[in-house]
Amino acid sequence: MRRPIFAGNWKMHHGPTEARAYMAAFAARWTPRTDRTIIFFPPAVSLATVVHALGARTDLSVGAQNIWTEDKGAFTGETSAPMVKDAGGRYVLVGHSERRHVFGETDAQTALKCVAAIRNGLTPILCVGELLLDREAGRTTDVVLRQLRAGLAELSAEVVASIAIAYEPVWAIGTGKTATPEDASVVHADIRKALHHSIGDRAADVPVLYGGSVNTGNAKSLMAAEGVDGLLVGGACLDVESWARICDT
Ligand code: PGA
């Protein structure tokens, strides 16, 4: 049985001052429970603030929205996996659709970022998802499985069994359009099958999250969809109460 994961991607919201207030409010609102994993993905500049705000609470985790492929060096503007680790992060999103489609991140880079994460003791959540034109052209499975295979290409089967995947159809991100639970289930089943093909029975250990316009109104039906092990949430996680309600799903 995979433990449900609720991951809140703040994107470029909540600098340190807002992050501190948000975490204080969430910590007061949320009673620890051991049956789920809750992860906050603040912007890099707020990561240490969020870790600090959590104090001794081990029921809540923190991750970075992105890392670079190298551990250090002349890469102006980038954050490395060792820096995330040093700041108290445990997870990292790799290949989020905005990284791919706004910043031009390639499949090859996602593979190197997964390697950098693992090398430094971070758990990558590899994000995959098709554009609307891919879906309309019947290429959803091709695109998603290409991104999946490419992103995992440099990892051993044992390592793949320890990470997480997030399926986020690009047309559903920040648009208010959500995949139906049935749409999500079809792609989640494709992902699970591909994982099984490459790592056998250990594929059962890999959580596959759904993301894209998840909110308090649809979280329950998406979580109930066959094969959905958790939610990756953007807009609806920015408000403490709505995020707490989603995490309660
Ligand atoms: P959204 O973002 O919930 O605002 O659609 C999800 C994501 O990008 O991870």
Side-chain angles (χ1 to χ4, degrees), residues 4-14 18-19 22 26 36-44 46-47 50 61-67 84 89-105 110 113-114 117 122-132 134-135 140 143-144 147-148 151 163-181 183-184 187-188 191 207-225 228-249:
I5 297 176
F6 295 87
N9 175 10
W10 293 5
K11 308 194 179 185
M12 202 172 71
H13 297 279
H14 296 341
E18 284 170 10
Y22 178 105
F26 188 85
R36 59 202 58 210
T37 300
I38 297 176
I39 315 169
F40 297 86
F41 289 93
S46 300
L47 207 136
V50 171
S61 298
V62 186
Q65 297 173 13
N66 182 37
I67 49 169
V84 172
R90 289 179 50 198
Y91 294 85
V92 60
L93 300 179
V94 173
H96 185 275
S97 82
E98 284 143 25
R99 298 307 315 171
R100 293 178 191 268
H101 300 293
V102 181
F103 299 101
E105 187 163 312
T110 64
K113 288 181 180 191
C114 284
L122 299 176
T123 301
I125 299 182
L126 176 67
C127 305
V128 297
E130 82 287 4
L131 295 165
L132 185 58
D134 295 322
R135 175 161 284 257
T140 298
V143 170
V144 165
Q147 291 174 342
L148 181 75
I163 77 167
I165 308 296
Y167 168 56
E168 296 201 301
V170 180
W171 48 271
I173 296 179
T175 57
K177 289 185 200 139
T178 327
T180 63
D183 288 337
V187 181
H188 280 238
I191 291 172
V208 183
L209 283 59
Y210 172 80
S213 295
V214 174
N215 57 42
T216 51
N218 60 24
K220 194 170 171 204
S221 60
L222 287 162
M223 274 304 285
V228 173
D229 303 314
L231 301 171
L232 175 54
V233 182
C237 82
L238 294 175
D239 174 72
V240 168
E241 182 55 31
S242 103
W243 179 230
R245 281 168 56 198
I246 290 170
C247 291
D248 240 334
T249 307

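Predicted model only: the values in this text are computed from it and were never measured. Note that ligands are numbered from 1 as they come in the structure, with each ligand's atoms numbered from 1 the same way.
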Between atom CZ of Arg100 and atom CD of Gln147, what is the distance when rounded to the nearest 0.5 Å? 4.0 Å

Report, in ascending order of atom number, the atoms of ligand 1 lying under 4.0 Å from any heavy atom of [X].
X	answer
Gly174	1 (P), 4 (O), 5 (O)
Leu232	9 (O)
His96	7 (C), 8 (O), 9 (O)
Ala172	5 (O)
Ser213	1 (P), 3 (O), 5 (O)

Going by distance only, is there an N or O of [X] that falls short of 3.5 Å from an N or O of ligand 1?
X	value
Gly234	yes
Gly211	no
Thr175	no

Is [Y] close to [X] at the side-chain level, that is, under 4.5 Å between some pair of heavy atoms?
X	Y	result
Leu232	Leu93	yes
Val228	Pro181	no
His13	Glu18	no

Sub-4.0 Å heavy-atom approach of Gly212 to ligand 1: yes

What part of Ala166, side chain from CB on, backbone N/CA/C/O, both or neither, has a heavy atom under 4.0 Å from ligand 1? neither

Any idea which part of Asn9 is under 4.0 Å from ligand 1, heavy-atom wise: side chain, backbone, both or neither? side chain

Protein residue, atom and distance nearest to [atom], heavy-atom basis:
atom	answer
atom 9 (O) of ligand 1	Glu168 OE2, 2.6 Å
atom 4 (O) of ligand 1	Gly235 N, 2.9 Å
atom 2 (O) of ligand 1	Lys11 NZ, 3.1 Å

Ring geometry between [Y] and [X] (parallel below 30°, tilted from 30 to 60°, perpendicular above 60°):
X	Y	answer
His188	Tyr210	tilted
Trp243	Phe26	tilted
His14	Tyr22	tilted

Who passes side chain to side chain donor-acceptor pair (under 3.5 Å) against Trp10, sequence neighbours left out? none

Just to verify, what does Glu241 make a salt bridge (Lys or Arg N to Asp or Glu O under 4.0 Å) with, not counting sequence neighbours? Arg29

